[in-house]
Amino acid sequence: MNSFFMEWNNEKEVISSLEEDIMVTNSDGIIIKVSKGSGSHYDVEPEALLGQSVYELERKGVFKPAITPEVLMKKKKVILIQKAGSGKKILVTGIPVFNEVGNIEHIVSYSYDVSELLVIKEYLNSVEEEMARVKSELDLLRKKSIKMDGIIADSLPMQNIAETIRRIRDVDVTVLLLGESGVGKSALAKWIHQNSIRKDGPFIEVNCSAIPESIFEAEFFGYEGGAFTGAKNKGKMGFAEMAKGGTLFLDEIGELSGHLQAKLLKFIQDKKFYRVGGTKPIHADFRLLAATNKDLEKAVQTKEFRQDLFFRLNVVPLKIPPLRERQEDLFALTQYFLQAISKRHNRERHLDKALVDHLLQLEWKGNVRELENLMERMIVTSTSSIITKEDLPYEYHMQEKIDDFIHFDGQSLPSILEEVEKKVLINAKKRYRTTTEIANALGISQPSVVRKLKKYDC
């Protein structure tokens, strides 16, 4: 092409024989030369273009914009996307041809239909956006250990819960999980997802109490690039967007402030949201689960939780009973954790019958989470393949030791309690090195330990 333009005056007749779409206009915008391929993009015969003004053709909608005035104004090569009357997108390049005194005498333009390329570009952009969502989702899921087995439902209350889940598995109804800390609300939420029609989609868990209120909206709804100081240039996808096609689980929802409760309510009602700093609405597409260890009905009465939000969440409430009320599940969970944790740490371990009987009598204030932690602790610290009561941490022997010396005939209750407290402190002092360790074991503050040790002179 360069040699052709350098010898413009001698070889201009060659243009008419070219198959490409090439046109030549003069400085007034009149088409003076066309190639065989000219006009094909505009559904016009090449000969019909000769003598026509590009300004008039632009006005008639044959193409828009005309490239000739752009080249005349900029006095250099110009490339632009032109829209033909047929709707095609044309990539046009205009090159000025100067005369001896430096004025533009002709403008040579050649074009290509790029409609399909633009469609492909739009498709690639959508694929890139989807891949970004999947990547963010996978990054989040890598940080979480999602195990769908381990849900024990031998007890009647848990069997009733399992039956309810089976009845609602084919509908996107909101479920509110209630129960003490550690009863297994998160594990049950994952189980609900795994047994739902959205099981092939992502499971996104959001701990509402772990995200500072100042950044909750940005983390939950995402944000556009430059939306605030410190924001990523390309923006960030929020949890609500990452849950597309799957399940969004809001744990500890009772910890949300009134301001965030209002935001969440509008989000649930409208089924759409905006990224922080964004103007384009994004439609929500997920199943909503929520959980809390708070009494939300009481929180509504005390104005700590919005009543309208409570009604939105409380569609299918599932109250998970504490472990101390699930004796059948307690035994099954003990056996499950024994097998799973032993396999994980490659250790062959079994439980002594006396130890199992003792475990069944404990209160388990920490519920399933406490049981799992204790089982792992005993499995990794025991020196024998048979785990016995001697392998129990000190604090799990305390209840038994207290039972041994609470029978004091003729003493008042305050004196009995003082004697128990003194013996507990003496035993704790023998086992632990510092008052801080004693405080952690007994569940009281370190100053209280110091004060009580001084009181009993031990």
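For this chain, numbers begin at 1 and follow the sequence in order. Just so you know, these numbers come straight off a predicted model, no measurement behind them.
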Any donor-acceptor pair under 3.5 Å linking the side-chain atoms of [Y] with those of [X]?
X: Tyr456; Y: Glu421; value: yes
X: Asp391; Y: Ser382; value: no
X: Ser186; Y: Glu205; value: yes
X: Glu348; Y: Ser385; value: no
X: Arg349; Y: Ser384; value: no
X: Asn293; Y: Glu180; value: no
X: Gln446; Y: Thr435; value: yes

Would a distance-only check, ignoring hydrogens and angles, find a side-chain to backbone donor-acceptor pair under 3.5 Å from [X] to [Y]?
X: His358; Y: Thr388; value: no
X: Gln159; Y: Asp154; value: yes
X: Asp352; Y: Ala354; value: yes
X: Asn314; Y: Phe310; value: no
X: Asp270; Y: Lys272; value: no

Contact between [X] and [Y] at the side-chain level, heavy atoms closer than 4.5 Å - yes or no?
X: Thr93; Y: Ser111; value: no
X: Leu313; Y: Leu309; value: yes
X: Leu323; Y: Leu371; value: yes
X: Ile204; Y: Phe249; value: no
X: Val276; Y: Phe220; value: no
X: His350; Y: Ile387; value: no
X: Ile320; Y: Met158; value: yes
X: Phe273; Y: Pro281; value: no

Using a strict 4.0 Å threshold on nitrogen-to-oxygen distance, state whether [X] and [Y] make a salt bridge.
X: Lys294; Y: Glu252; result: no
X: Asp308; Y: Arg306; result: yes
X: Lys429; Y: Glu437; result: no
X: Glu370; Y: Lys365; result: no
X: Arg275; Y: Glu241; result: yes
X: Glu224; Y: Lys280; result: no

Name of the residue among Val315, Thr174, Val316 meeting side chain to side chain contact (heavy atoms under 4.5 Å, CB included) with Ile168: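 Of all the options given, the one that passes is Val316.
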Could you state the interatomic distance from [atom1] ([X]) to [atom2] ([Y]), rounded to the nearest 0.5 Å?
X: Ser109; Y: Asp21; atom1: OG; atom2: CG; answer: 7.0 Å
X: Ile192; Y: Leu188; atom1: CD1; atom2: CG; answer: 4.5 Å
X: Ile152; Y: Glu328; atom1: CD1; atom2: CD; answer: 12.0 Å
X: Asp251; Y: Thr292; atom1: CG; atom2: OG1; answer: 8.0 Å
X: Lys271; Y: Asp285; atom1: NZ; atom2: CG; answer: 10.0 Å
X: Phe337; Y: Ser342; atom1: CZ; atom2: OG; answer: 12.5 Å

side-chain contact (heavy atoms from CB on, under 4.5 Å) between Leu333 and Met375, worked out: CA-CA 10 Å; Leu333 281 166; Met375 291 297 297; over 6 Å; no
Tell me, yes or no, whether the heavy-atom count around Phe331 atom CZ, taken from other residues, nucleotides or ligands under 6.0 Å, exceeds 12.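 12 or below, so no.
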Would the Phe63 and Tyr42 ring centres measure less than 6.0 Å apart?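 When the ring centroids of Phe63 and Tyr42 are compared, they turn out to be within the sub-6.0 Å range.
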Distance-minimising heavy-atom pair for [X] and [Y]:
X: Leu248; Y: Ala243; value: CB-CB, 4.0 Å
X: Val183; Y: Pro322; value: CG1-CA, 3.9 Å
X: Leu176; Y: Ala291; value: CD1-N, 4.3 Å
X: Arg347; Y: Ile379; value: NH1-O, 3.6 Å
X: Ile67; Y: Gln82; value: N-NE2, 4.2 Å
X: Phe267; Y: Ala284; value: CE1-CB, 4.0 Å

Stepwise salt bridge (Lys or Arg N to Asp or Glu O under 4.0 Å) check, Glu304 with Lys298: CA-CA 9 Å; Glu304 296 177 52; Lys298 184 177 180 181; over 6 Å; no
Leu250 and Leu256: CA distance, side-chain angles, deciding distance, side-chain contact (heavy atoms from CB on, under 4.5 Å) verdict: CA-CA 10 Å; Leu250 304 182; Leu256 286 179; 5.8 Å; no
Can you pull the salt bridge (charged side-chain N to carboxylate O under 4.0 Å, His left out) pairs that have at least one residue in residues 165-177, sequence neighbours excluded?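 Counting only pairs at least two positions apart or across chains, the salt bridge (charged side-chain N to carboxylate O under 4.0 Å, His left out) contacts touching residues 165-177 are Glu163-Arg166, Glu163-Arg167, Asp172-Arg198.
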Run the side-chain contact (heavy atoms from CB on, under 4.5 Å) check on Val368 and Arg326 step by step: do they pass? CA-CA 11 Å; Val368 178; Arg326 298 159 49 191; 4.3 Å; yes
Once salt bridge (charged side-chain N to carboxylate O under 4.0 Å, His left out) is applied, do any residues pair with Glu297, and if so which ones, sequence neighbours excluded?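 Applying salt bridge (charged side-chain N to carboxylate O under 4.0 Å, His left out) to Glu297 gives none.
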Listed partners of Lys353 passing salt bridge (charged side-chain N to carboxylate O under 4.0 Å, His left out), at least two apart: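 For Lys353 the salt bridge (charged side-chain N to carboxylate O under 4.0 Å, His left out) partners, ignoring immediate neighbours, are Asp357.
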Is there a side-chain contact (heavy atoms from CB on, under 4.5 Å) between Ile79 and Val92? Walk through the geometry before answering. CA-CA 6 Å; Ile79 301 175; Val92 184; over 6 Å; no
